[in-house]
Amino acid sequence: YASMADYLGASPDDSPVVFGIGRGWWGNGAVAGGKHYPAGHRCRDTLVRDRQSYRDRYKYKFHGQYTNGGLDIWARYTSGGETQLRHAMFENWMGSQPPADQGQGYQQATVYGSYERDLTDELSIKFALSYDTFNIAQNIFTDTFSYREDEYYARAIAKWNPTQNHSIAFGGEWSREEFGLSGHGYPDTGASNSISGDSMPRWGTDTRSLVGEWQWHFADQWSSFIGGRIDWHPFTPVMFSPRAAVVHTPNKKDTWKFMWSNSVRMHGAEVLKAKQDEGEGDQKPEKLGVFELRYERQHNENLWFGASAYYNDHDIIGWNQEGDAGTDRQLGNMRTVGAELEAIYKTDRAKFTVSHGWTKLINFRLDGPEVDTALTAEPYGYGDDLANWHNQVTKLIGHYKITDKWDVDGSLRIYWGLPGGEDFAKYRNQFIADGGDDPPWKAGYTRPFEPSFFLGLGTTYEPVEHLVVRADAFNVLGWIDHRLNKRFYGFDADAPADYRSPAPAFAVSLTYTF
């Protein structure tokens, strides 16, 4: 497989940036291209086109694969990236426009091989080896540097079915990650730290892991799943991620599932290394405990229902500004609850899916007075919702086969407002006003936090055998009103109410199968 794409991005006329700037902030509204844009007005002088490719370069992907029985070998190369919208008031607080190559580009190459063999009728084993190199070219404001990391990976997993009611998988993994390597080409700045861009000597880490899962069908209507993994990393305490589930099928139509997991995620490797060098020792990983209850019903051959309820307990890692610098660190504990309802109706010619999800923040506790967060304003006494997560989301998907050769389909996603975003904007206004500066949000301007709607339509036609013509329209409602398609282009504590509307778009594809 090979592909090359030239992604120009959408102009500000088709994908406008809209400011939520308060009166007095860098003048009477936002300033871009020498013009003032008060809150709620479309800015036509943004610095970049929406989704503009990094340095206006082509995007590439190459993939080759060989499979023969239990042997599977593949190699892949990709490159891409985006020019980033550094706030349109850049010239006001930096004194000049940013470099033209502002943003991030990447290159990644992977070589993977695996071999699976049956040792007996009940026992099989699979080996895997891979090498991966990943390079980021990063241009943030006036800093330009290239960052690279390489990984060597090995895995061996055995699958054993000792009886009809038992299935067991177990094995081990090893990962060697190398840092402090010179990047693959532009910008040739030598071995750099991914956070600061400072030069960095070569170093590496070894992670060893044990993984396993046991499935037990212990009664006619009951099954259990118990599994997990243990990871040993040189800069963290031993990491244990267990999970378990019980499945009950009282009849052919109904299924009940109870699931629990406690997964962990460590800090970025460079943060861990810096903490070690500073004498702070091992760093606790992020933990996410999840309890979920799910019910599914296949009512008849046409109609299916599903419902889930869950509780999350999250010791969260995030970015914390510390003086003129910042770092990943434990921010505190976040607890949320949620639920989702789903339904699918299908016939020989049609399929319709509807779902609605609800999420609610229960509590967010910061680790200490030196910690801040942009995830929510709840710890500061403003509301009880997440700042950049919609509490309620509805999805509608439809597909209809008009004839044997002609299909139509569509989807609608509805994000039902962002009360936590408005709460955060209120908090930032007060915080900045307390520091003697002008507020970053025009109080009372609520458009950024109101519902958003994303509609897509498509059709497929097969004029002759093996040839398929496909046409799609994306962000259709933007042709009616760009405000219906709004999304935050990057949640910024100093610009908490700015958004960009993705452009309506149209695509046609032709596919011929040999």
Side-chain angles (χ1 to χ4, degrees), residues 63 65-67 69-78 108-120 122-135 147-162 166-181 194 202-216 224-245 259-273 275-276 282-290 315 317 328:
H63 181 95
Q65 185 163 344
Y66 173 77
T67 302
L71 178 65
D72 188 21
I73 300 173
W74 57 264
R76 179 182 63 203
Y77 170 80
T78 61
Q108 183 180 34
T110 304
V111 179
Y112 172 91
S114 67
Y115 180 70
E116 186 169 13
R117 182 179 178 85
D118 293 332
L119 303 179
T120 68
E122 296 81 23
L123 181 64
S124 66
I125 190 167
K126 182 176 182 179
F127 301 96
L129 293 171
S130 72
Y131 166 73
D132 179 276
T133 180
F134 182 63
N135 183 205
Y147 167 77
R148 171 185 164 193
E149 62 181 69
D150 289 6
E151 182 186 27
Y152 302 87
Y153 173 82
R155 175 185 174 105
I157 298 292
K159 297 179 182 179
W160 183 36
N161 301 308
H166 294 271
S167 296
I168 300 172
F170 58 92
E173 298 177 352
W174 167 80
S175 172
R176 171 69 181 180
E177 292 187 292
E178 293 281 346
F179 305 91
L181 303 167
S194 67
R202 183 165 180 170
W203 59 281
T205 61
D206 290 281
T207 303
R208 298 170 177 86
S209 310
L210 292 177
V211 298
E213 182 175 272
W214 171 36
Q215 300 180 22
W216 180 23
S224 65
F225 301 80
I226 300 174
R229 63 182 295 132
I230 303 175
D231 298 284
W232 290 269
H233 186 276
F235 300 149
T236 66
V238 176
M239 294 179 287
F240 179 43
S241 300
R243 60 180 182 267
M259 295 163 279
W260 167 80
S261 67
N262 188 57
S263 57
V264 297
R265 180 179 71 94
M266 64 183 182
H267 295 258
E270 289 163 301
V271 173
L272 294 173
K273 180 69 161 56
K275 298 294 185 183
Q276 288 283 327
D282 293 350
Q283 301 296 302
K284 293 181 180 179
E286 181 177 76
K287 294 183 180 180
L288 174 60
V290 179
D315 290 334
I317 288 176
D328 275 345

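What's counted below: heavy atoms across the whole structure, side chains too, no hydrogens, waters or symmetry copies. Each residue takes its place number in the sequence, starting with 1. As the structure is a prediction and not an experimental result, all values here were calculated from the model.
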Should the ring pair Tyr152 and Tyr131 be called parallel, tilted or perpendicular, given that the plane angle runs from 0 to 90° and is split at 30 and 60?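 The rings of Tyr152 and Tyr131 sit tilted, inter-plane angle from 30° to 60°.
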
Give the ring-plane orientation class for Trp214 versus Trp216, where under 30° counts as parallel, over 60° as perpendicular and anything between as tilted. parallel

Show, in sequence, the C-alpha distance, side-chain angles and deciding distance for Arg202 and Glu178, and conclude whether the salt bridge (charged side-chain N to carboxylate O under 4.0 Å, His left out) test is met. CA-CA 7 Å; Arg202 183 165 180 170; Glu178 293 281 346; 3.2 Å; yes

Salt bridge check: are Glu213 and Arg243 linked by an N-O gap of less than 4.0 Å? yes

State whether Lys159 and Glu122 are salt-bridged, where the test is any N-O pair (Lys NZ or Arg NE/NH1/NH2 against Asp/Glu carboxylate O) under 4.0 Å. no

Looking only at side chains, do [X] and [Y] share a donor and an acceptor under 3.5 Å apart?
X      : Y      : value
Ser209 : Asp231 : yes
Glu151 : Ser175 : yes
Asp72  : Thr67  : yes

Donor-acceptor under 3.5 Å (Glu286 side chain, Ile317 main chain):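 Yes; judged by distance alone, with no hydrogens or angles, the pair exists.
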
Are the side chain of His267 and the backbone N or O of Lys284 linked by a donor-acceptor pair below 3.5 Å? yes

With ring centroids as reference points, do Phe127 and Tyr115 lie under 6.0 angstrom apart? no

For Phe225, which residues count as a ring-ring contact (aromatic ring centres under 6.0 Å, His included) partner, sequence neighbours excluded?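 Result, ring-ring contact (aromatic ring centres under 6.0 Å, His included) vs Phe225: none returned.
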
In Å and rounded to the nearest 0.5 Å, what is the CZ to CG distance from Arg155 to Leu129? 12.5 Å

Any side-chain heavy atom of Asn262 within less than 4.5 Å of one from Leu288?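 Result no, sub-4.5 Å side-chain heavy-atom pair not found.
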
